[in-house]
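A quick write-up on the structure given underneath.
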Amino acid sequence: MKLGFLVDLHLCMGCKGCEIACKVENEVPLSTWRLRVKYVDVGTYPDTKRTFTPLRCNHCENAPCERICPVSALHYIENGIVNIDKERCIGCAGCVMACPYGAIYIDPETQTADKCTYCAHRIASSMMPACVVACPVEANIFGDIEDPTSNISKYIMQHNGNVQVRKPEKGTNPHHYYVGGGNVTLNPLASFRAEGYSLFNKLTHLPVGGHH
Amino acid sequence: MVHESLAATHAIVTLDVALPGVVWGWIITMNMWAKSIGTGVIFMLFYLLKKYPTEAASYRFPVTVVSVVFIHIFLLFTVIDLHQMFRFWHIFFHPHFTSAITVGAWMATLFVGLLFLLLYASFIKKDNALFDKVLLWTTVLAIPVTLYTAALMAQATARELWQMPTESAQMILAATLSGSATILIMDTFMNKLSDAAKRDMGIILAFSALSAFVLYMAELVFGPMKAEEVAAVLQYVTNGGEYQTMFWIGQVTAFIVPFVLVTLSIVNKNQNILKLAAVFAVCGLWVVKHVWLVIPQLLSMS
Ligand code: SF4
Ligand code: SF4
């Protein structure tokens, strides 16, 4: 069994339900994110549209983060998930340097690396990841990519030729796919990122421990 | 930092998380800089003892002390950069050998062991034959200890700028540059080396400076032709980018000035200029390493 994710960007409406569900489920601290929805505005007024792209760890088959981790805090579990053992992590940030997708952050509370685990703890109890449950339009499709009868496999087959991954040139072989993605949504170098323009550019970081 | 954007698309990121900032900052620069000196002086000592055994004899102990000091600065900064520094022992008890960090930590530990053996041979036992035997193995081990940071940078898949084998060459050149420079600075106080030996150190210094400079320039000019991420990152040091001034201060101080000064010293047979070249090289190297470390971290990965 190899678990994978697929997001149909035609369906995603940028409500950020998945983002919030993830925050709540995994108690992700302020100013850090396991999953976020990136907005890219395209076109010139009045011909504009807003694109929405949920971004999370891709659980790469050839994961640079797992390779670089000196203590195997990042490790594969049998179902293909790249999991993290926070008790073992020494906080060297090698994984932050290695992940081509910026999926890993240093948790300001535990001072260890953290990232999306595809809700490995929920899967162990036969539950779907929190973001899948929260999505009102079922844009997140999750399942076994080695089973041709699974929903995700069927979806990939149906959309043959229109299934993308982020940065395929990195050779990471992501287990996270997009339908309806394109250069603007998946390639960070294809859109302007004006400093001060993005809502989250001026984040206030709370001191560790929550003192005021 | 936009490479594939089309004016017609007019695509602008309007909502995404902020960059985490520079995660590997000046502490890692200190780490690389101190390691270059710590291994570089061992390379130089090995060379001097082979070529000038009599006059270099009294350098056995002081060079080992300098190496021990800088390797410990390197280790100290490695550990304090960890967000969980008291778990450092995990590297030895839960090692993951695909990681250059693990391999490097184990080799650096062995290297420190050999350095202490050198101290024992030179200071307590005063046995030059034993010292020279151990020095051979220390010099051999100094090569991978120097190189492992390049392997680590190569494993940082997200940072396209740090390429193998260029980084390996840069690490070795940084060691020979800072090693020869440190020996020249030490000789200001010890005054034991002949003009010929100092000239050799000067030539190694100048050759390392020139080679490293050529490599950086080659990356600056040709890197962007190969990969869009490299092109985007190098904009931080070109076209008025945030780190342009610092980049050139580093290149001039570490490479151009020392190269010119060493040439002048050889032409004018003036050994004093060599000392100045050495000080410039050691200081400039820190700046060069820092800029190259930081710039790829300024690019958003999403
Ligand atoms: S997306 Fe990043 S964090 Fe996730 S498995 Fe791949 S390299 Fe690791
Ligand atoms: S920060 Fe933690 S998880 Fe990341 S590479 Fe270092 S030890 Fe491994």
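A note on names: the letters A, B, ... follow the listed sequences, proteins ahead of strands, and every chain is numbered from 1.
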Pick whichever of B:Gln297, B:Arg87, B:Met85 has the most heavy-atom pairs under 4.5 Å with chain A.
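With the most close heavy-atom pairs to chain A, the winner is B:Arg87.
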
Any idea which of B:Pro296, B:Gly104, B:Ala156, B:Pro95 has the most non-hydrogen atom pairs under 4.5 angstrom with chain A?
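Among the listed options, the one with the most contacts to chain A is B:Ala156.
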
[X] [atom1]: over 12 foreign heavy atoms closer than 6.0 Å:
X        : atom1 : answer
B:Phe93  : CZ    : no
A:Asn173 : CG    : yes
A:Glu138 : CD    : no

Side chain, backbone, both or neither: which part of B:Trp89 has an atom under 4.5 Å from a heavy atom of chain A?
neither

Between B:Ile28 and chain A, with a heavy-atom cut-off of 4.5 Å, which part of the residue counts as in contact: side chain, backbone, both or neither?
neither

Option that, when pairs with chain B are counted at under 4.5 Å, heavy atom only, ranks first among A:Cys69, A:Gly94, A:Gly14:
A:Cys69

Max heavy-atom pair count under 4.5 Å with chain B, selected residue of A:Ile90, A:Val96, A:Val71
A:Ile90

So what's closer than 4.5 Å to chain B heavy atoms on [X]: side chain, backbone, both or neither?
X        : result
A:Leu55  : side chain
A:Cys99  : backbone
A:Arg67  : both
A:Lys86  : backbone
A:Ile106 : side chain

Tell me the closest heavy-atom pair linking [X] and [Y], and the distance in Å.
X        : Y        : answer
A:Ala98  : B:Thr157 : O-CB, 3.5 Å
B:Ile101 : A:Ile68  : CD1-O, 3.8 Å
B:Ser300 : A:Pro188 : O-CB, 3.9 Å

Within the distance-only criterion (no hydrogens, no angle test), does the side chain of [X] pair as donor or acceptor with the backbone N or O of [Y] below 3.5 angstrom?
X        : Y        : result
A:Lys167 : B:Ala158 : no
A:Lys38  : B:Ser302 : yes
B:Trp24  : A:Cys92  : yes
B:Arg159 : A:Met97  : yes
B:Thr102 : A:Pro70  : yes

So, taking the atom named [atom1] in [X] and the one named [atom2] in [Y], what distance separates them when rounded to the nearest 0.5 Å?
X        : Y        : atom1 : atom2 : value
B:Gln84  : A:Cys89  : CD    : SG    : 7.0 Å
B:Leu299 : A:Leu189 : CG    : CG    : 5.5 Å
B:Ser99  : A:Leu74  : OG    : CG    : 10.5 Å
A:Asp41  : B:Leu15  : CG    : CG    : 9.5 Å
B:His90  : A:Ser72  : NE2   : OG    : 12.0 Å
A:Asp85  : B:His94  : CG    : NE2   : 8.5 Å

